[in-house]
K.L.:
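Sharing a structure, written as structure tokens. Questions coming.
In listed order, ligands and their atoms are each counted from 1.
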Amino acid sequence: MTGTVVSFEGILFPSLHYSPEILREVQESFIIKDEDVLLLTFPKSGTSWLVETVCLIYSKGDTKWIQSEPIWDRSPWVETKYGCELLKEKEGPRLISSHLPIQLFPKSFFKSKAKMIYLIRNPRDVLVSGYFFWRSAKLVKRPQSLEQYFDWFIQGKGYSFRKRATRLPWWSSGSESACQVVFGSWFNHTRDWMSMRDKENFLILSYEEMKWDTRSTVEKICQFLSKKLEPEELDSVLRNSSFQAMKENNMSNLPLLKGRYFEENGQLLRKGVTGDWKNYFTVAQAEIFDKLFQEKMADLPQDLFPWK
Ligand code: A3P
């Protein structure tokens, strides 16, 4: 079984759980409250890791919450019908996850004091992670090969790399299928959200810094959210949000969704490393990606991208 997508304002979404009506309602009339905390990512950037970490910070390292409630209920996706309904019923400060591009995000956020953490990741790793994920998901048209997914990913919206790509050795006519990457172009998503980077209620983090210096990153999150942890509470946050701990936590990995939404071999926690793209990209793909990144992101401060 393979899933289908719906298009809303030129961006594709899995048709299961997403609809133009809900997306419009969320954009126009979902109320973000000042005390809400928003966890925003392009898919496959480490969303679940961030959610788990923030949940553990909220519970001061206590694992009861993360082990008793599914991750998508603890921090619901505002853009899904399920998540949106759940959020409306929640009292008090809410954790809210989202993959939405900035132009589709609830308008109320931009007038609120709600804090947002935007987590980025080397797009090459986002691409590889996305390929393995969507290939085992029953939610969208599945990529047939990494070459095809690479093509979809770099096409993005409104960007034609095709002319140059057709001269590459790995290019085949089979690669020429319409872009099926959901949530739009990584480049647009990242550029657009980064325009918020000077705002006080906006924190940019990267998967890479989380990986290379997890403790400092958790401390940074605590400071941003005005949460104070005792040393042993911080240790517990680190221990229980590790790759291995999350893999063993059935409320955070995918076993609950297997069968219906994912194949048996589908994994949310696949490898959990930085730089895995080097094991998959050809030299030609690496070159084309470098050029594209330069073209699309050159005018942004490059220290925002720690993976170089
Ligand atoms: P890989 O597929 O490269 O392993 P998202 O939650 O946005 O879908 O991102 C999934 C990616 O984050 C996967 O990357 C997954 O392994 C990684 N990830 C999830 N939890 C992690 C953790 N605790 N430590 C490191 N990586 C983690």
K.L.:
Show the protein residues that qualify under the rule heavy atom under 4.0 Å from an atom of ligand 1, listing them in chain and number order.
P.N.:
Lys44, Ser45, Gly46, Thr47, Ser48, Trp49, Arg121, Ser129, Tyr207, Ser241, Ser242, Phe243, Met246, Leu268, Leu269, Arg270, Lys271, Gly272
K.L.:
Is it true that Arg24 and Glu9 have a side-chain N and a carboxylate O under 4.0 angstrom from each other?
P.N.:
yes
K.L.:
In plain terms, say whether Lys90 and Asp73 are close enough for a salt bridge, that is, a side-chain N and a carboxylate O under 4.0 Å apart.
P.N.:
no
K.L.:
His99 pairs by ring-ring contact (aromatic ring centres under 6.0 Å, His included) with which of Phe42, Trp77, Phe13?
P.N.:
Trp77
K.L.:
Below 30° counts as parallel, above 60° as perpendicular, anything between as tilted: where do the rings of Phe289 and Phe281 land?
P.N.:
tilted
K.L.:
Enumerate the salt bridge (Lys or Arg N to Asp or Glu O under 4.0 Å) contacts for residues 111-126, please, sequence neighbours excluded, ordered by first and then second residue.
P.N.:
Arg124-Asp290
K.L.:
Do the rings of Tyr149 and Trp152 sit parallel, tilted or perpendicular, given the 30° and 60° boundaries?
P.N.:
perpendicular
